[in-house]
Amino acid sequence: MFENTQKTEIANLGEFGLIDHLTKNIKLNLDTTIKGAGDDAAVLDFKDKKTLISTDLLLENIHFDLAFTPLKHLGYKAIQVNLSDIYAMNGMASHVTVSLGFSSKFPLEAIEELYAGMLLACDKYNIDLIGGDTTSSRQGLVISVTSIGYADESDIVYRNGAQEGDLICVSGDLGGAYVGLQLLEREKQVFLANPKIQPDLEGKDYIIERQLKPEARLDIVDLLKKMEIKPTSMIDISDGLASEVLHITKQSKKGCKLYEEKFPIDPQTVEMARDFGLDPTVCALNGGEDYELLFTIKQADYDRLKHDVDISVIGYITEENAGNYLITRSGNAHELKAQGWNAFKSTES
């Protein structure tokens, strides 16, 4: 979504002119950055820390729809979803590289707006943008972000460390991003049918923001450190709660029991899901894009976080032969299956 009436053809700048234009205002703030954008490679120095690296690819009409996604929001989200992977390792994100592919339909001002959202996210989370690449694309807008971070080896948390009896915890609330997407998709269809009808989004700010402007949970990583709790396993919720839990139990060679009544779901998510004829629990399990942290802790650590309103205990780890089950509010047990986002079977975000 780009509404700026001024349009400058990027071809007038050329690739290197565009790179110079976009990077001229980048400020480097971290001592770990020896050299940022402007040379053949960036140079970083983490001294005695372990380096963490993660990459995500976002494709137009697969991961986002520009009909209802403002470019500044898209830039912000592109950075956030990458930082989330570093925080899910219990690490500190510090740097990103950004590569863009776009067609001639995008004027300079549109790319500037996208970049402004990225720099806003970097500034908020104290991240240095240290390079990347640009190219033309015949497939719409392509965004590739690589996030780099660090951690002491003893602090790093993997997906495979869950132990029998560990408590399963989740930050924030679930399902909001998916329901927000359903609302945006509905209003897009209404607009296409009758462009004179304005979108009906009043009072739905929370779920729309959950979809368009997610926040990586650095605050949870900091909180756990202050509580002196090191999770036994951790992952971020990008593909839906069920999928992420199953990643942990598969790699840890364990099972689990989740309790529906314990799922943290915002009232606005519940209300909007029911308006769409959706089960809020299914939205939480399979919706995805919440970018909350899912982690397991030892039972002995429970007392330290039991009063924190932003962390919910939703189940526990069992032995592998016990399987993976959801216990419903009525007490029935259903085998847990991942039915969330699959990049090779879906064309929706």
Side-chain angles (χ1 to χ4, degrees), residues 76-77 79-93 121 124-126 149 151 155 157 159 162 166-180 204-245 247-248 256 258-273 280-281 283-317:
Y76 189 91
K77 181 175 181 176
I79 299 297
Q80 292 297 326
V81 302
N82 277 269
L83 302 185
S84 183
D85 287 330
I86 301 297
Y87 301 142
M89 300 292 293
N90 205 36
M92 296 298 296
K124 182 173 181 179
Y125 283 75
N126 196 29
D155 288 338
V157 176
R159 298 175 181 180
D166 284 354
L167 302 177
I168 302 172
C169 306
V170 66
S171 66
D173 57 83
L174 305 174
Y178 178 74
V179 175
K204 305 298 190 297
D205 294 357
Y206 182 69
I207 58 174
I208 292 173
E209 186 168 287
R210 293 289 284 175
Q211 169 58 217
L212 296 181
K213 191 175 174 288
E215 298 285 347
R217 298 309 303 264
L218 170 61
D219 59 320
I220 297 297
V221 175
D222 288 339
L223 178 65
L224 292 172
K225 282 183 169 63
K226 289 178 182 177
M227 291 179 173
E228 297 183 344
I229 296 174
K230 180 186 175 182
T232 54
S233 66
M234 186 152 60
I235 191 172
D236 72 326
I237 302 177
S238 56
D239 300 328
L241 174 63
S243 175
E244 314 304 359
V245 167
H247 279 309
I248 286 178
C256 73
L258 299 184
Y259 291 85
E260 180 185 17
E261 64 182 1
K262 300 295 184 181
F263 288 3
I265 305 177
D266 187 83
Q268 190 173 112
T269 300
V270 173
E271 178 185 357
M272 202 68 231
T281 297
C283 295
L285 283 169
N286 300 318
E289 291 201 295
D290 289 310
Y291 296 104
E292 296 293 345
L293 291 178
L294 172 72
F295 56 97
T296 56
I297 64 170
K298 298 175 182 177
Q299 290 192 29
D301 290 328
Y302 173 68
D303 284 343
R304 302 183 201 177
L305 59 66
K306 65 181 180 182
H307 296 301
D308 192 282
V309 296
D310 206 24
I311 296 177
S312 302
V313 177
I314 60 172
Y316 64 92
I317 297 295

Only pairs under 3.5 Å count here: list side-chain donor-acceptor contacts from residues 83-93, not counting sequence neighbours, and write none if there are none.
{"residue": "S84", "atom": "OG", "partner": "D236", "partner atom": "OD2", "Å": "2.8"}
{"residue": "D85", "atom": "OD2", "partner": "S54", "partner atom": "OG", "Å": "3.1"}
{"residue": "N90", "atom": "ND2", "partner": "D155", "partner atom": "O", "Å": "2.9"}

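Within the 4.5 Å cutoff, the side chain of R159 has no heavy atoms near those of the M234 side chain. Between V245 and I235 the shortest side-chain heavy-atom distance does not fall below 4.5 Å. Taking 4.5 Å as the limit, some side-chain heavy atom of I317 sits within range of a side-chain heavy atom of T296. Contact annotation: the side chain of L167 approaches that of Y302 to within less than 4.5 Å [non-hydrogen atoms, C-beta and beyond]. For the pair I314 and C169, the minimum side-chain heavy-atom distance is 4.5 Å or more.
Minimum heavy-atom separation, T269 to L174: CG2-O, 4.0 Å. Shortest non-hydrogen contact noted between Q80 and A121 is NE2-CB, 3.6 Å. Here the closest non-hydrogen pair linking A242 and N286 is CB-OD1, 3.8 Å. For the pair F263 and A284, the tightest heavy-atom approach, listed with the atom from each and the gap, is CD2-CB, 4.4 Å. For E228 against R304, the heavy-atom pair with the smallest separation is O-NH1, 2.7 Å. When all heavy atoms are compared, the tightest approach of D290 to G175 is OD2-N, 3.0 Å.
Here the rule is side chain to side chain contact (heavy atoms under 4.5 Å, CB included) with F295, and of I168, I220, V157 only I220 fits it.
A donor-acceptor pair shorter than 3.5 Å can be found between the side chains of D166 and T232. Checked by atom type, the side-chain pair K77/Q211 shows a donor-acceptor distance below 3.5 Å.
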* **Steps toward salt bridge (Lys or Arg N to Asp or Glu O under 4.0 Å) verdict (K225, D222)** => CA-CA 5 Å; K225 282 183 169 63; D222 288 339; 5.9 Å; no
* Tell me, with the steps shown, if E292 and R210 meet salt bridge (Lys or Arg N to Asp or Glu O under 4.0 Å). => CA-CA 11 Å; E292 296 293 345; R210 293 289 284 175; 3.0 Å; yes
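Between the E244 side chain and the S238 main chain, a donor and an acceptor come within less than 3.5 Å of each other.
Q268 meets the side chain to side chain donor-acceptor pair (under 3.5 Å) test with no other residue; sequence neighbours excluded. Residues satisfying the salt bridge (charged side-chain N to carboxylate O under 4.0 Å, His left out) criterion with K226, sequence neighbours excluded, are absent altogether. Legend: residues meeting side chain to side chain donor-acceptor pair (under 3.5 Å) with D266, ordered by chain and number and at least two apart, are absent. Y125 pairs by the side chain to side chain donor-acceptor pair (under 3.5 Å) definition with E215, not counting sequence neighbours. Residues meeting the side chain to side chain donor-acceptor pair (under 3.5 Å) test with N126, sequence neighbours left out: none.
We find that K230 and D301 are not joined by a salt bridge, their nearest charged nitrogen and carboxylate oxygen being 4.0 Å or further apart.
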